[in-house]
Amino acid sequence: MTCMYLLYMPELPEVETVVRELKSLEGKFFSRVVVHWDRTIEGSTVEFLEQLRRKQIAVVFRRGKYICIELNTGDRITIHLRMTGKCIFEPSERDRNYSRVEFIFSDRSTLYFVDTRKFGRIKWWPKQEEFLSQLGPEPLESEAVLKAFLSCKSNREVKKVLLDQAILAGVGNIYADESLFLARIHPMMPFVEVSRLKLKRLAETIPVVMRQAIENMGTTLSDYRNTKNMGGENQNYLKAYGQTGEPCCRCKTKIEKIVIGQRGTHFCPRCQTL
DNA sequence: CCTTAGTCCTGCATGC
DNA sequence: TGCATGCAGGACTAAG
């Protein structure tokens, strides 16, 4: 048994789990913000700090894979965790070495943005600016997903379409593989060639996969932790992702791993045919 | 319009 | 044991 080194990718369910905890920030005032790694802030860090100065948080919500923080001024802040980003109130010793931004509030509580690989991004959006307008619909209702599919005429592989945030907002590598496995669609299949029946099946599957993962507080493979530094449970329910060489739960054929668009893709070659 | 490759980053795994 | 190398990847950008 080889020890698999798996990365964590915060997708919609992981971000949703974090956002639910970050709701505790609503009503708090920024007291001091410290930026340790400048590139974490998109745009001008000086302006970022200026715009947050003494402002109050009104609402915390999620859009796709973005954590959204709306201020009383109507301006917003987005946090994208990318690969290894974490929002933590009580960092471990190790976490402290990778703390990129710290938000200190007037009640003396502190939110640490910890990010080993420095891919995560935090951005301030003025009230009047168009906000995350390039994102597709949320993949939590099968009707919305089917509608998005039916208006998509892409010739790209179905897996690539699922990862395209402009088509659906929030699906990432893990849940794309899981959804395609459950819907029995080969990830390499050109999207336009997927039958109407299979598209309908996929549209019904994705929200189920997402909701189940939210219920399980997300998938923890290596780095994912919620704000209390605890992992989720959904990794125990994965049927395709990270199961390379393991028997398919339906037909016992070994799960294979291929690369599509520079991303590891797991599927059952018997259940998911071209 | 499309698709592909490169970029950012670092820890961990592998190989010699 | 130690050191070099390569791999992973979300979103963006540049090139073809």
Side-chain angles (χ1 to χ4, degrees), chain A residues 1-16 18 35-43 45 62-68 78-87 91-101 113-123 125 130-136 139 151-179 187-193 210 213 218-225 235 238 240-245 256-266:
Chain A
M1 178 67 192
T2 54
C3 180
M4 316 235 356
Y5 173 60
L6 294 172
L7 287 168
Y8 121 93
M9 288 146 282
E11 305 180 25
L12 185 154
E14 290 72 26
V15 177
E16 177 65 27
V18 172
V35 176
H36 296 293
W37 181 255
D38 196 57
R39 298 193 61 171
T40 298
I41 309 299
E42 276 193 49
T45 300
R62 180 193 58 75
R63 177 77 175 94
K65 299 177 195 171
Y66 291 85
I67 297 163
C68 305
T78 52
I79 301 175
H80 198 302
L81 304 172
R82 291 280 179 93
M83 303 295 298
T84 54
K86 293 177 280 193
C87 289
S92 65
E93 270 315 300
R94 188 184 162 88
D95 286 332
R96 287 179 185 276
N97 298 327
Y98 303 104
S99 175
R100 309 306 182 193
V101 180
F113 180 72
V114 176
D115 186 19
T116 321
R117 293 192 190 171
K118 300 176 175 173
F119 278 11
R121 292 292 180 265
I122 303 177
K123 184 180 180 182
W125 305 66
E130 233 185 317
F131 176 68
L132 297 178
S133 55
Q134 79 288 2
L135 290 181
S151 61
C152 174
K153 306 293 175 208
S154 177
N155 200 34
R156 289 179 295 167
E157 297 94 322
V158 58
K159 163 88 183 241
K160 281 190 189 169
V161 168
L162 290 187
L163 294 180
D164 187 337
Q165 302 299 298
I167 293 167
L168 289 178
V171 180
N173 210 29
I174 296 171
Y175 301 117
D177 283 5
E178 290 300 298
S179 301
M188 290 273 272
M189 176 85 76
F191 185 83
V192 284
E193 289 177 28
M210 290 295 174
T219 299
T220 305
L221 297 173
S222 170
D223 287 312
Y224 170 71
R225 297 292 185 275
Q235 64 278 10
L238 298 182
Y241 187 87
Q243 307 302 306
T244 316
E256 283 183 15
K257 184 181 180 184
I258 56 174
V259 175
I260 298 177
Q262 297 160 301
R263 277 165 202 121
T265 300
H266 313 72

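Keep in mind that the numbers below use all heavy atoms, side chains included, and drop hydrogens, waters and symmetry copies. Just so it is clear, the model here is predicted, and its values are computed rather than measured. Per chain, numbering begins at 1; letters A, B, ... match sequence-line order.
- Here the closest heavy-atom approach between residue Asn173(A) and residue Gly264(A) is recorded as ND2-O, 3.0 Å.
- Backbone-only contact: Lys160(A) has heavy atoms under 4.0 Å from sugar-phosphate atoms and none from a base.
- Among the atoms of the strands shown, none is found under 4.0 Å from any heavy atom of Gly261(A).
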Both atom distances under 3.5 Å, Watson-Crick or G-U wobble: I'd like the secondary structure of DNA chain C as a dot-bracket string, with | for pairs made across strands.
.|||||||||||||||
Expected string for nucleotides 11-16 of chain C under the B/S/- scheme (protein heavy atoms, under 4.0 Å, primed atoms plus P, OP1, OP2 as sugar-phosphate) is BS----
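- Between the C1' atom of dG10(C) and the CD atom of Glu11(A) lies a distance of 10 Å, rounded to the nearest Å.
- With sequence neighbours left out, Phe191(A) forms a ring pair (Phe, Tyr, Trp, His ring centres under 6.0 Å) with Phe149(A).
- Rounded to an integer number of Å, the gap from CZ of Arg94(A) to C1' of dT10(B) is 10 Å.
- Residues satisfying the side chain to side chain contact (heavy atoms under 4.5 Å, CB included) test with Lys123(A), not counting sequence neighbours, are Glu42(A), Thr78(A), Trp125(A), Glu129(A).
- When the C1' atom of dG11(B) is taken as reference, atom NZ of Lys86(A) falls 12 Å away, rounded to whole Å.
- The shortest non-hydrogen separation linking Tyr98(A) to Arg94(A) is CD1-O, 3.2 Å.
- Straight-line distance from the CD1 atom of Ile67(A) to the C1' atom of dG10(C): 14 Å, rounded to whole Å.
- Residues meeting the side chain to side chain contact (heavy atoms under 4.5 Å, CB included) test with Gln262(A), sequence neighbours left out: none.
- Taking atom NZ of residue Lys159(A) and atom P of nucleotide dT3(B), one finds them 16 Å apart after rounding to whole Å.
- Close to dC8(B), at under 4.0 Å from its OP1 or OP2, lies no side-chain N or O of Arg39(A).
- Protein atom CZ of Arg121(A) is 19 Å distant from nucleotide atom P of dG9(C), rounded to whole Å.
- Every side chain to side chain contact (heavy atoms under 4.5 Å, CB included) that Ala176(A) has, sequence neighbours left out, goes to Lys159(A), Leu162(A), Leu163(A), Val171(A).
- Atom pair Asp115(A):CG and dC8(B):C1' shows a separation of 11 Å (rounding to whole Å applied).
- Partners of Asn155(A) according to the side chain to side chain contact (heavy atoms under 4.5 Å, CB included) rule, which considers only residues two or more places apart in sequence or in another chain, are Pro190(A), Val192(A).
- Qualifying salt bridge (charged side-chain N to carboxylate O under 4.0 Å, His left out) partners for Arg100(A), counting only residues two or more places apart in sequence or in other chains: none.
- Taking for each of Lys118(A) and Arg156(A) the nucleotide of DNA chain B with the nearest heavy atom, the 5'-most of the two is the partner of Arg156(A).
- For dC9(B), the OP1/OP2 oxygens have no side-chain nitrogen or oxygen of Tyr98(A) closer than 4.0 Å.
- For the pair Ile260(A) CD1 and dA5(B) P, the interatomic distance rounds to 14 Å; values are reported in whole Å.
- Legend: residues meeting salt bridge (charged side-chain N to carboxylate O under 4.0 Å, His left out) with Glu256(A), ordered by chain and number and at least two apart, are absent.
- Using a 4.0 Å heavy-atom distance criterion, Asn173(A) is classed as a sugar-phosphate-only contact.
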